[in-house]
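Accompanying notes for the structure given below.
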There are 2 protein chains.
Amino acid sequence: MNIVSRPGRLGTPCLACPLRLKPAFRDKTDDEIRFIQTMKVDHRFMRAGGDIIHPGQEDAELYTLYSGWAFRYKSLPDGRRQILNFLLPGDLVGLQASLLSAAEHGIEALTDVELCVFPRRRLWDLFERMPTLAYEVAWLGSREECMIDDNLTSVGQRSAGERLAALIISLYHRVDALGLVANDSFAFPLSQQQLADALGLSLVHTSKTWSRLRREGLFALSGGRLTLLNPRLTARMAAAYEQITAPRPLI
Amino acid sequence: MNIVSRPGRLGTPCLACPLRLKPAFRDKTDDEIRFIQTMKVDHRFMRAGGDIIHPGQEDAELYTLYSGWAFRYKSLPDGRRQILNFLLPGDLVGLQASLLSAAEHGIEALTDVELCVFPRRRLWDLFERMPTLAYEVAWLGSREECMIDDNLTSVGQRSAGERLAALIISLYHRVDALGLVANDSFAFPLSQQQLADALGLSLVHTSKTWSRLRREGLFALSGGRLTLLNPRLTARMAAAYEQITAPRPLI
DNA sequence: CGACCTCTTGATCAAGTTCAACTTGGGTGG
DNA sequence: CCACCCAAGTTGAACTTGATCAAGAGGTCG
C-alpha cells in the first residue's frame, strides 16, 4: 500500500523513456531531456489504492505517471467524495499541489503505478532555465483544466446515461492517444464505486445505468477490458461533440 | 454589445494600476511591471452580455479583467450550458484559450467590463524573458483549476441548498480579497438563470431554494447587493471547510 | 468454509424537473 | 402620463430521475 522506492536505481533513463515514442508526446531536444534527467530524483512504485498525494499535504512532490492509472479527488468533511479527473501514463501528477502551497485535493493510485519523482522546489529552476519546458508544463496544466471543464459540464448538465457515455468516450480517446487501444478495446480498471464518484451518481444508479447501456449494445466489459461496440452511437449518446485531448504541445 | 476599444489610449499605466493596491496582489518589481506594460496593447470596454471569447475561437487574445465580472461556460450541442467559473477583477481571462490552440469554452461579460489586452503570441516571450511572471501565470492557472475542482465537487456531491451556500461563500471570499466587501455585503450581479447554470440546477428549483435560504436568514439581497446575514451558518450549510482563494502567488 | 468485497436487482422514497400561470418592475412608445 | 411589453422572478402541481434501503449473487482469499 505504500511507496516503494529503490534508491540508486532511477529506472529507465529519460532519453530512452518508452513514453517518448507514443503519439501523444512532443519531440524534445537533447538539452531538454538532459534537464529532465537531472531533475528526476527517484522512480517509485506504488500499489493500487495508495495515496500519491493526500489532501492538505504541503510538501507534495511533482510526479510524472510512468505507468498505471490514478485519479485526483476531493472529499467533503462528511465523507462524500468527488473524483475530479483520471490520470494516465505520461500525465503530470501534482502540478497544482506544487504550485499552490498545499494540495486542495488528494491523488490516489487506481492501479499499481510507477512514478518519476521531481522535487517541487526544482520546478522553479525549470521555469528559469528551460522556458520551453515551462511552457509545456503550463500547457499540460491547461489541458487538465480543460478535461475538468468537461467533467463539470457532464455532471452539471448530462443525464446519468449521457455521463457514462461521455466518460467512456473520453477515456477511450486518451488511451488511444497512448497507442493502447486494440480492436476498439482497452484495459478498464475502474470499479463502479469509482465511476459513481466521478459522475456524481449513487453506486446503485451507476450500476443500473451501466448495465442498461451494455444491454443496449454500446459496449462490453470482460477480463478487465472494455470494448466499444458502437463508438458512433456512444458519442451521440453522450450529447457531446468532441473535446480535445489530442496531442498538441506546441508553442 | 460589442468590444469598444480606444486606439491610442491604453487606460491607466500598469505602474499605477489600482489593482496593485488590493490585498490579493503580489508585489512586482519595476522590471516586471515595465514588461507587462510593453505587452499590453489595448484597453477595451465591453457591455454586459458580450462575448469576450466565443467557443471554438482560435485566435483569442489573453486578457486581464480590469473591472467587472465575467464567466467561463461550456455549451452542449442542444443548448444546455454549464457555467464553469466566475472571473473577478484581476483575474486572467483566456489563458487556457491562449495555450491550447482553440478555446474549448466561451467567456462572457456578466457586467459591463474593462479588459487589458495582451496578444497571445507574446505569452511565449513572457515565458522566455520573465520566468517570475511565467511562474505566476502558471500559478494563476492552477488557482483557477482549484476553483473549478470546487465547483465540480459542489455540483457532483452537494444538495441544491449546499451548492448555493457554497457558491455564495466562495464569491464572498474572493470579493473580500479585493477589498470590495463592506458590512458583509457586496455587489452581486448574477441572475437566477446564471446561478442555475453554474450550479447544474433548473431555474425553478434555483429560485425556490434561493428564497428558502433567504427565509432561513442566511442572506438578503437588495439593490443588487447581497448581504451575508450569517456567514458562519452559511459556511456550515455549505458542508465545506474552506478552500483557498487566498492570495499567495509566491515562488 | 466463512468473511468479505463488488456487483446486481427490486421496492420505496425524495430531490429536483417540467409545465404553467401569475407577479413585479423597468423601459418604450403612443 | 399611461398603456403596454418584456425580462426576471415566484409559486403551485404533476411528474421523473436518481437516491436510499434491502436482500441476494458471485468471486476471491485466507
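In what follows, every chain begins at residue 1, and chains take the letters A, B, ... in the order their sequences are listed.
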Can any side-chain N or O of B:Asp112 pair as donor or acceptor with the backbone N or O of B:Gly68 at less than 3.5 Å? no

Whether A:Gln192 contacts C:dC5 is assessed here as follows: a side-chain N or O lying under 4.0 Å from the phosphate OP1 or OP2. Is that the case? no

Rounded to whole angstroms, how far apart are CH2 on A:Trp210 and P on C:dT6? 16 Å

Roughly, in whole Å, what's the span from CZ in B:Arg212 to P in D:dT10? 14 Å

Between CG of B:Asp197 and C1' of C:dG16 the distance, given in whole Å, is 16 Å

C:dC7, OP1 or OP2 - any side-chain N/O from A:Gln193 closer than 4.0 Å? no

Which value, rounded to the nearest 0.5 Å, describes the distance between A:Arg225 atom CZ and A:Phe186 atom CZ? 9.0 Å

Between B:Arg212 and B:Gly161, is there a donor-acceptor pair closer than 3.5 Å when you use the side chain of the first and the backbone of the second? no

In the 5'-to-3' direction, what one-character label does each nucleotide of nucleotides 24-30 of chain D receive under the scheme B = base within less than 4.0 Å of a protein heavy atom, S = sugar-phosphate only, - = no such atom? -------

Inter-residue atom distance B:Leu140.CG - B:Leu95.CG, 0.5 Å rounding: 8.0 Å

Ionic contact status for B:Arg44 with B:Glu61, cut-off 4.0 Å: no

Residues, nucleotides or ligands: over 12 heavy atoms within 6.0 Å of B:Asn183 CG: no

How many angstroms lie between CG in A:Leu178 and NZ in A:Lys22, if you round to the nearest 0.5 Å? 6.5 Å

Would you give the length of the straight line joining atom OG of A:Ser170 to atom CE of A:Met147, rounded to the nearest 0.5 angstrom? 7.5 Å

Starting from C1' on C:dT24, measure out to CG on B:Leu221 and report it in whole angstrom. 15 Å

What residue among B:Asn230, B:Asp184, B:Thr227, B:Leu228 forms side chain to side chain contact (heavy atoms under 4.5 Å, CB included) with B:Phe219? B:Leu228

Between B:Arg80 and C:dT17, is there a side-chain N or O to OP1/OP2 distance below 4.0 Å? no

Any salt bridge between A:Arg72 and B:Glu145, counting N to O under 4.0 Å? yes

Rounded to 10°, the angle between the first-five-pair and last-five-pair axes of the helix from C:dC1-D:dG30 to C:dG30-D:dC1 is 30°

Contact list (N/O, under 3.5 angstrom) for nucleotides 17-21 of chain D vs protein:
from, atom 1, to, atom 2, distance (Å)
D:dG18, OP1, A:Ala160, N, 3.0
D:dG18, OP2, A:His205, NE2, 3.4
D:dG18, O5', A:His205, NE2, 3.4
D:dA19, OP1, A:Ser202, N, 3.2
D:dA19, OP2, A:Ser202, N, 3.1
D:dA19, OP2, A:Ser202, OG, 3.0

In whole Å, I'd like the distance from the CG atom of B:Leu190 to the C1' atom of D:dA7. 17 Å

B:Gln192 CD to B:Thr206 OG1 distance, which is reported to the nearest 0.5 Å: 7.0 Å

